[in-house]
There are 2 protein chains.
Amino acid sequence: MEARAPRRANRSTVLAHVLTHGPVTRTAIGQETDLSPATVSRIVEQLLDEGLLVETDGTPTATRGRRATRVAIAAGRGVVCGVDVGGSNVRMVVADLAATPLVSRTVPTPAQYDAPRLAQWLADLIRQTVGDNLDRLDCVAVGLPGAVREHDRAVSNAPNLPQVEDPEFLRLLEKRLSTGVEVDNDSNYALLGELRFGAARNAQTAVMFTIGAGLGAGVAIDRRLFRGRSGMVGEFGHLPAGPLGTSLEQIISGPGILARARDLGLPFDNPADVFRSTDSRLVPVKQYVEQALLIILTAAVVAYEPEVIVLGGGISHALKPDLGRLGGRLREIVPVTAAAVQSAELGDLSGALGAVVAALHTAYGRLGLAEPDLAHVPQPDALAGCDLHALSANAIA
Amino acid sequence: MEARAPRRANRSTVLAHVLTHGPVTRTAIGQETDLSPATVSRIVEQLLDEGLLVETDGTPTATRGRRATRVAIAAGRGVVCGVDVGGSNVRMVVADLAATPLVSRTVPTPAQYDAPRLAQWLADLIRQTVGDNLDRLDCVAVGLPGAVREHDRAVSNAPNLPQVEDPEFLRLLEKRLSTGVEVDNDSNYALLGELRFGAARNAQTAVMFTIGAGLGAGVAIDRRLFRGRSGMVGEFGHLPAGPLGTSLEQIISGPGILARARDLGLPFDNPADVFRSTDSRLVPVKQYVEQALLIILTAAVVAYEPEVIVLGGGISHALKPDLGRLGGRLREIVPVTAAAVQSAELGDLSGALGAVVAALHTAYGRLGLAEPDLAHVPQPDALAGCDLHALSANAIA
DNA sequence: GATAATACTTTCAGTCTGAACGGAAATAGA
DNA sequence: TCTATTTCCGTTCAGACTGAAAGTATTATC
């Protein structure tokens with residue numbers, strides 16, 4: 001009585017195609033997915049009935065013959081919210097189902113709050129930012145500055161915002177939002193953002209390091225996040241490769257850099273300033289950091305053979321002038337596989353936008369998109385021509 | 001007119017079930033695969049017609065009712081050959097489609113031969129070892145001591161047997177065998193062997209290091225080999241983490257160990273002897289190697305969060321007593337994720353048996369097994385109760 | 001307005017599945 | 001030995017689904 005598998009699979013294929021290619025004609029879907037026109041027509045009709053797709057009246061070409069009607073995802077049918085909770089700032093982006101950003105917002109993190117209060121504050125902030133779209137809110141994804149274990153979402157290793165390790169934080173957040181909340185490491189989300197919209201959008205395999213107060217890492221293999229069991233994949237800062245077996249994270253992260261500068265009698269407040277300074281006494285510090293970074297980059301290349309390594313986080317700005325040289329040295333060490341070393345294209349918003357992507361994946365999954373198709377959605381140019389900073393003005397005060 | 005996809009998928013499911021579970025009744029297949037008895041019956045009938053399966057007349061249980069007939073793979077329908085070409089020895093195992101080893105053989109590598117001659121010698125050796133089964137030879141898989149790039153099978157990085165880098169080697173081998181030949185890095189195959197039959201058989205994610213003349217590595221994620229683009233994934237020996245940015249491979253591999261011992265005025269011929277010696281002057285050498293190994297193990301844990309790290313190759317025997325301590329130190333460095341550090345269970349035959357697995361995968365693929373199902377075949381206990389050393393006596397002299 | 005081109009829909013034959021039924025084979029017990 | 005029961009397996013049948021082909025709708029060109 002049942003043989004529903006093919007229908008579901010084809011439905012997912014069609015939906016994925018619309019999501020990745022934007023407004024598209026039925027004929028084009030058929031040609032590019034190797035489905036027959038009849039099947040496409042039937043499935044599109046069903047999706048239209050369900051309200052998942054809408055017909056756009058666009059008159060795209062001026063050729064002879066009947067005008068093709070294009071269908072697109074019913075973008076306004078739902079919204080998602082991506083949140084990047086950092087030690088100093090909380091950034092969030094609300095987007096519709098077509099991944100078009102609607103509102104963007106940045107607020108200082110009230111780091112002094114305890115877990116329940118922080119959860120409540122964040123939930124209220126999200127509700128407020130989502131505003132009128134609250135009833136259409138499909139999913140919220142929150143990036144946290146710590147390791148998130150996949151199977152039970154336990155948070156660990158969050159020295160910059162230890163409150164979030166408390167399971168209460170998540171529980172209360174979900175309760176007060178009355179929506180499922182996705183959680184992951186902020187570096188993973190940052191990579192997801194760059195992978196979809198930024199520096200890694202053409203890479204199959206990519207690694208991202210966020211260098212700031214700590215050293216975070218995200219890894220994507222075949223365009224899918226590789227999380228590992230406890231969410232610490234790629235954190236090569238733990239390598240005991242410094243002198244006397246010290247960990248590299250101690251060398252490369254903000255506090256480590258400041259400490260070394262201080263040892264030289266040069267107190268700085270901001271690690272990025274150390275790199276901007278031209279004081280010749282700082283040369284060994286910079287070299288030291290660079291050597292550590294080189295080990296980490298080599299480890300990433302050898303571990304995953306990524307096409308791109310993206311550097312993000314506060315200190316990465318300061319490293320920008322050195323990227324070319326770093327890439328060169330990397331190629332000397334591992335000549336076989338070259339990886340481009342680039343800085344994050346999405347800047348501070350990588351994390352929030354990656355969270356949006358994660359939330360969209362959940363939302364799309366509920367709409368019937370099969371797991372393998374998720375690796376290709378949403379379309380990379382959803383952000384094109386969209387000034388995110390302008391959107392932040394739209395935020396409710 | 002066509003809707004063949006479900007049939008192919010179900011066929012693959014049934015075939016995979018028989019391959020993983022050995023002789024099994026139709027009813028059991030239906031229950032464990034969630035296919036209806038009708039479907040199972042039809043597909044089994046088809047597979048019997050094709051000669052891929054055979055009915056075994058076993059009367060397994062003594063319950064009431066009609067006796068269930070069990071079906072199994074037609075093991076004798078084809079054979080595969082797995083070859084591990086090392087710098088000093090060539091090992092090969094011939095097995096049938098049920099992964100039961102038929103012949104095992106070890107021969108010194110004629111390292112002085114040039115590429116064409118080596119290819120011819122190896123082809124002849126394989127033909128001879130396969131013997132009467134030659135006409136049923138489905139696939140040959142050869143592990144080489146070098147990096148193999150996936151898309152064009154170019155071999156590089158083979159200092160211990162540079163001939164195999166010559167593309168002629170492969171071309172002639174295939175020509176003379178008149179069979180498709182699979183090629184991969186020997187460490188990858190060793191891991192495949194351990195993953196299927198040995199120390200990693202219960203692990204989803206595992207890493208293997210073969211420590212010998214060089215430092216080789218293989219990585220499996222979710223029970224599938226992770227190769228990367230140029231086949232050097234996991235080779236953390238390249239990390240410039242030694243003093244003055246020297247690579248770890250120089251420290252940990254055989255020649256490096258011998259050189260350091262020689263610096264102390266203690267000439268050895270065999271690196272394993274360095275570890276066996278109780279000379280107190282060697283303590284710093286051992287510590288030095290251990291520290292390098294620890295960095296490599298840490299890198300592996302951080303990179304992939306494996307459940308098991310398998311150590312193989314000549315030197316690993318000598319390290320066996322230290323494995324417990326090494327594991328302990330590893331857990332101190334990366335407490336969140338513990339990986340068991342074990343030595344290879346299959347010993348010298350990991351590589352050849354892994355090559356058998358790879359060859360079987362190709363053979364199974366030709367029989368219609370879908371790619372995701374390959375990760376679970378053949379069944380892990382195909383080797384149980386089979387003395388491989390006894391088989392080597394069967395080899396044609 | 002006829003014609004041609006293109007886009008979509010409907011019809012139809014054919015594949016495949018699961019549920020239900022029925023025959024076959026084996027044990028248990030009278 | 002004969003029958004009831006249990007279990008295994010094959011067959012039948014309605015339903016889901018697909019692609020090819022034929023049909024319909026819509027548009028530009030002549």
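Numbers restart at 1 for each chain; the letters A, B, ... are given by sequence-line order, proteins then strands.
- Using a 3.5 Å distance cut-off with no hydrogens or angles, the side chains of B/Arg196 and B/Gln379 do not pair a donor with an acceptor.
- Between B/His361 and B/Tyr364, the ring-plane angle classifies as tilted under the 30° and 60° cut-offs.
- Within the 4.0 Å cut-off from OP1 or OP2 of C/dT17, at least one side-chain nitrogen or oxygen of B/Arg7 is found.
- One interatomic measurement links the two molecules: CD of B/Gln31 to C1' of D/dT7, which rounds to 11 Å at whole-angstrom precision.
- When distances run from any side-chain atom of A/Pro6 to the nucleotides D/dT27, D/dG19, D/dT18, the shortest one goes to D/dT18.
- Between D/dC8, C/dG18, C/dT9, one nucleotide has an atom nearer to the side chain of B/Thr27 than all others, and that is D/dC8.
- In this structure, A/Glu45 places its CD atom 15 Å from C1' of C/dT11, rounding to the nearest Å.
- The nearest whole Å value for the distance from the CZ atom in A/Arg26 to the P atom in C/dA7 is 12 Å.
- The CD1-P distance, from A/Ile29 to C/dC8, rounds to 9 Å in whole Å.
- Taking atom CD1 on A/Ile43 and atom C1' on D/dG19, their separation rounds to 12 Å, with Å as the unit.
- Within the 4.5 Å cutoff, side-chain heavy atoms of B/Val357 are placed close to those of B/Phe197.
- B/Glu55 has its CD atom 14 Å from the C1' atom of C/dA24, to the nearest Å.
- Which of C/dT11, C/dC8, D/dC9 sits closest to the side chain of B/Thr25 comes down to D/dC9.
- Under 4.0 angstrom from either OP1 or OP2 of D/dC17 there lies no side-chain N or O belonging to A/Asn10.
- Distance from the side chain of A/Arg67 is smallest to D/dT27 among D/dT27, D/dT26, D/dT18.
- Counting only heavy atoms from C-beta outward, the side chains of B/Val44 and B/Val14 approach each other to under 4.5 Å.
- Between A/Thr69 and C/dA7, a side-chain N or O to OP1/OP2 separation shorter than 4.0 Å is absent.
- Each of D/dT12, C/dT6, D/dG19 was ranked by its minimum atom distance to the side chain of A/Ser36; first place goes to D/dG19.
- Mapping B/Pro37 and A/Ala38 onto DNA chain D by nearest heavy atom places B/Pro37 at the nucleotide closer to the 5' end.
- In this structure, of C/dC8, C/dT11, D/dC8, it is D/dC8 that holds the atom nearest to the side chain of B/Ala68.
- Dashed line: the shortest gap from a side-chain N or O of B/Thr39 to OP1 or OP2 of C/dG18 is under 4.0 Å.
- Taking atom CZ of A/Arg66 as the reference point, atom C1' of D/dT26 lies 6 Å away to the nearest angstrom.
- The aromatic rings of A/Tyr304 and B/Tyr304 sit perpendicular, their planes meeting at an angle over 60°, well past the 30° parallel limit.
- The CG atom of B/Leu35 sits 15 Å away from the P atom of D/dC9 (whole-angstrom rounding).
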